[in-house]
Structure formats: structure tokens, C-alpha cells
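Whatever order the structure lists ligands and atoms in, that order sets their numbers, starting from 1. These numbers were taken from a predicted model, which means no experiment stands behind them.
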Amino acid sequence: MALKKNAITIPTKRAIIAPSILSADFSRLAAEVAAVEKAGADWIHVDVMDGHFVPNLTIGPMVVEAIRPHTKLPLDCHLMVSEPEKWIDAFAQAGADLITVHVEATTHLHRLVGLIREAGCKAGVSLCPSTSLTTIEEVLDDVDLVLIMSVNPGFGGQRFIESTISKIERLTEGRAHRKFLIEVDGGVKADNIGRLRRAGVDCFVAGSAIFGHSDRARAIQDLRSKL
Ligand code: DX5
Ligand code: ZN
């Protein structure tokens with residue numbers, strides 16, 4: 001299926017809801033992806049874990065390729081892997097639109113962002129909760145998205161870490177003229193999404209808050225109603 005690459009608009013005025021398929025029913029992934037698209041999702045968030053950078057093992061490029069024909073939505077691939085530079089081409093060829101890597105997982109972040117761009121994808125950089133914003137200061141002109149982790153990466157369904165709000169506020173203040181989007185991931189629910197939006201978040205990853213409900217459309221609507 002031919003898909004327009006880089007279907008992602010930056011900047012965006014619309015708040016982006018990106019369901020994380022980590023909490024989906026993996027035995028019927030194609031149907032799950034199609035269901036959240038129908039329910040009003042904007043992007044599909046794909047959590048890639050290697051059992052090394054994080055203590056969990058999930059999915060690789062083959063799964064991205066398998067779900068690609070089942071949705072027109074951008075695939076937002078969050079690589080929680082060591083040596084992410086090894087995997088950029090594979091995810092790009094599998095159909096990723098946006099690839100986000102962790103600053104903690106690479107020495108040469110600037111080069112890696114360039115690799116993602118050369119592969120034809122939008123480039124994102126992510127920070128674990130304990131990682132300072134100063135670690136990405138030098139690449140802020142080069143990235144399309146900054147993903148602020150609001151839980152320690154590795155698992156769905158964890159409790160939101162409150163200090164994330166002030167981190168996002170500081171990132172928003174420092175964004176100035178720059179065009180990157182701010183995404184938040186982990187523990188996003190109807191009771192904190194409004195505060196996160198006011199702190200400056202553009203894109204909201206939600207796993208259990210969407211796939212934990214049988215009515216996906218209702219779950220997405222609940223989140224949107226609190227924005
Ligand atoms: C955590 C993942 C998240 C997670 C979010 O490592 O990156 O995307 O699936 O799940 P919830 O929304 O359940 O916290
Ligand atoms: Zn994620």
C-alpha cells in the first residue's frame with residue numbers, strides 16, 4: 001500500500017492523540033489499529049523495547065511492516081533500544097513516519113538525528129524522567145519532536161510522575177521560535193491531560209487509558225473532552 005511519507009504536520013494546532021499499541025490485544029493487532037483510527041486517533045504510537053535499554057522486550061520492524069497496511073495514520077515509533085543507529089533504516093523501510101530515539105541510548109545524537117532524516121522520517125528525541133533537558137539543548141534546532149517520558153520507560157500502566165509537568169513547562173519556555181512538537185508518554189489519563197496541555201504538550205501518548213476500555217471511541221473522546 002502506497003503511503004505518503006511524513007504525513008506529520010509540524011507545527012500543529014490540533015492536540016494529537018497517539019494510542020500506544022503496547023496495551024492493545026496483540027493477537028488482533030490489525031483490528032486494534034483500525035479500531036483506534038476509526039475512533040478518532042491521530043497517530044499510532046509503537047513502543048519498541050529491546051530488553052537491554054529497558055527491562056522489557058516488545059516488537060520490531062516486522063510488526064511495523066505488518067500493521068502498516070491497516071491504517072493511514074502516521075506510525076510514531078518510539079525506540080527504547082540500545083544502539084538505535086542500527087535500526088533506523090529497518091524501521092523507515094517498514095513504514096515508520098516518525099522515529100524517536102533516547103538521548104541516553106546514544107553518544108552521537110546529532111548524527112543519529114541526521115540518519116533518521118536521511119531515511120525519510122521525522123526525527124524525535126526522548127528523555128527519561130531523570131534526564132535533564134540540558135542534554136538535548138544542542139539538537140533542539142534539528143528535531144521535529146521532543147518526547148518527555150512521564151514514567152520510567154519499559155511498561156504500560158504505570159503511575160504518572162508529577163515532576164514531568166514542570167519539566168514540560170521549562171521545555172515550552174525554551175521552545176521560543178522553534179518548531180518541534182512536545183509529546184508526553186506514560187500515565188496520561190483524563191485527570192492529567194488538561195494540565196499537560198496547558199504546560200505546552202502537543203502530542204499525548206496513551207496506552208491503558210485507551211486500550212484498557214472496551215469502547216475506544218469513548219476513551220479517546222474522554223481524553224479530548226479534558227483538553
Ligand atoms: C512506556 C511506553 C508507553 C506506555 C504508555 O515505556 O513508552 O508508551 O505504553 O502506557 P500508559 O499510557 O498505559 O502509561
Ligand atoms: Zn512510548
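- Residue contacts with ligand 1: Phe155 is included, with a non-hydrogen atom under 4.0 Å away.
- Residue Met49 approaches ligand 1 through these ligand atoms, each under 4.0 Å from one of its heavy atoms: 6 (O).
- Residue Ser20 touches ligand 1 through its side chain alone, judged by heavy-atom distances below 4.0 Å.
- Using cut-offs of 30° and 60° on the angle between ring planes, the pair Phe53 and His102 is tilted.
- Of all protein heavy atoms, the one lying nearest to atom 14 (O) of ligand 1 is Gly187 N, 2.8 Å.
- Here the heavy atom of the protein found nearest to atom 10 (O) of ligand 1 is Gly156 CA, 3.7 Å.
- Look at Gly154 and you'll find a heavy atom under 4.0 Å from some atom of ligand 1.
- Here the shortest heavy-atom distance to atom 12 (O) of ligand 1, taken over Cys128, Gly212, Gly207, Ser126, belongs to Gly207.
- Atoms of ligand 1 found under 4.0 Å from any heavy atom of His45, numbered from 1 in the order shown, are 8 (O).
- Taking each of Pro19, Ala18, Gly157 in turn, the one with a heavy atom nearest to atom 11 (P) of ligand 1 proves to be Gly157.
- Vertex the Zn ion (ligand 2); arms to Asp185 OD2 and His45 NE2; angle rounded to 10 degrees, 100°.
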Assess whether side-chain hydrogen bond (donor to acceptor under 3.5 Å, both in side chains) is satisfied between His45 and Asp47, documenting all intermediate values.
CA-CA 7 Å; His45 186 82; Asp47 283 312; 2.9 Å; yes
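- Atoms of ligand 1 found under 4.0 Å from any heavy atom of Met80 (numbered from 1 in listed order, with element): 6 (O), 7 (O).
- Scanning all protein heavy atoms for the shortest distance to atom 3 (C) of ligand 1 gives Asp185 OD1, 2.8 Å.
- Not a single N or O atom of Gly186, backbone or side chain, sits closer than 3.5 Å to an N or O atom of ligand 1.
- A salt bridge is defined here as a Lys NZ or Arg NE, NH1 or NH2 lying under 4.0 Å from an Asp or Glu carboxylate O, and Arg224 with Asp42 meets this definition.
- Short contacts between ligand 1 and Val205, defined as distances under 4.0 Å to a heavy atom of the residue, involve ligand atoms 8 (O).
- Using modelled atom types, one finds no donor on one side chain facing an acceptor on the other under 3.5 Å when comparing His78 with Thr100.
- A donor-acceptor pair under 3.5 Å links the side-chain atoms of Thr164 to the main chain of Ile161, judged by distance alone.
- At distances below 3.5 Å, at least one donor-acceptor pair connects side-chain atoms of Thr135 with backbone N or O atoms of Ser132.
- At under 3.5 Å, not a single nitrogen or oxygen of Lys189, backbone or side chain, sits near a nitrogen or oxygen of ligand 1.
- Contact atoms of ligand 1 toward Ala206: 12 (O) (distance under 4.0 Å to a heavy atom of the residue).
- No cation-pi contact links Arg216 to Phe211, judged by a cut-off of 6.0 Å to the six-membered ring centre and 45° from its axis.
- Counting heavy atoms from C-beta on, the side chains of Asp76 and Glu183 come closer than 4.5 Å.
- Distance from atom 2 (C) of ligand 1 to its nearest protein heavy atom, with residue and atom name: Asp47 OD2, 3.4 Å.
- Under the 3.5 Å distance criterion, the side-chain polar atoms of Asp144 are matched with a main-chain donor or acceptor of Ala123.
- Taking the Zn ion (ligand 2) as reference, His78 places its N/O/S atom ND1 nearest.
- Checking Leu196, Val201, Leu171 one by one against Ile148, the side-chain contact (heavy atoms from CB on, under 4.5 Å) holds for a single residue, Leu171.
- Listed by number with element, the atoms of ligand 1 under 4.0 angstrom from any heavy atom of Pro153 are 6 (O).
- The CG atom of Leu181 sits 11.5 Å away from atom CG of Leu147, with the distance rounded to the nearest 0.5 Å.
- A distance of 6.5 Å separates CE in Met80 from OG1 in Thr58, rounded to the nearest 0.5 Å.
- Counting protein heavy atoms only, atom 13 (O) of ligand 1 is closest to Ser208 OG, 2.5 Å.
- Looking at every heavy atom in both residues, Leu145 comes nearest to Phe180 through N-CB, 3.9 Å.
- Those atoms of ligand 1 that come under 4.0 Å of a heavy atom in His78, given as number and element, are 7 (O).
- Using a 4.5 Å cut-off on side-chain heavy atoms (C-beta onward), Asp97 and Lys122 make no contact.
- Residue Ala209 places no N or O, backbone or side chain, under 3.5 Å from any N or O of ligand 1.
- Residue Ser23 has no N or O atom closer than 3.5 Å to an N or O atom of ligand 1.
- When distances from the Zn ion (ligand 2) to the N, O or S atoms of Asp47 are compared, OD1 comes out shortest.
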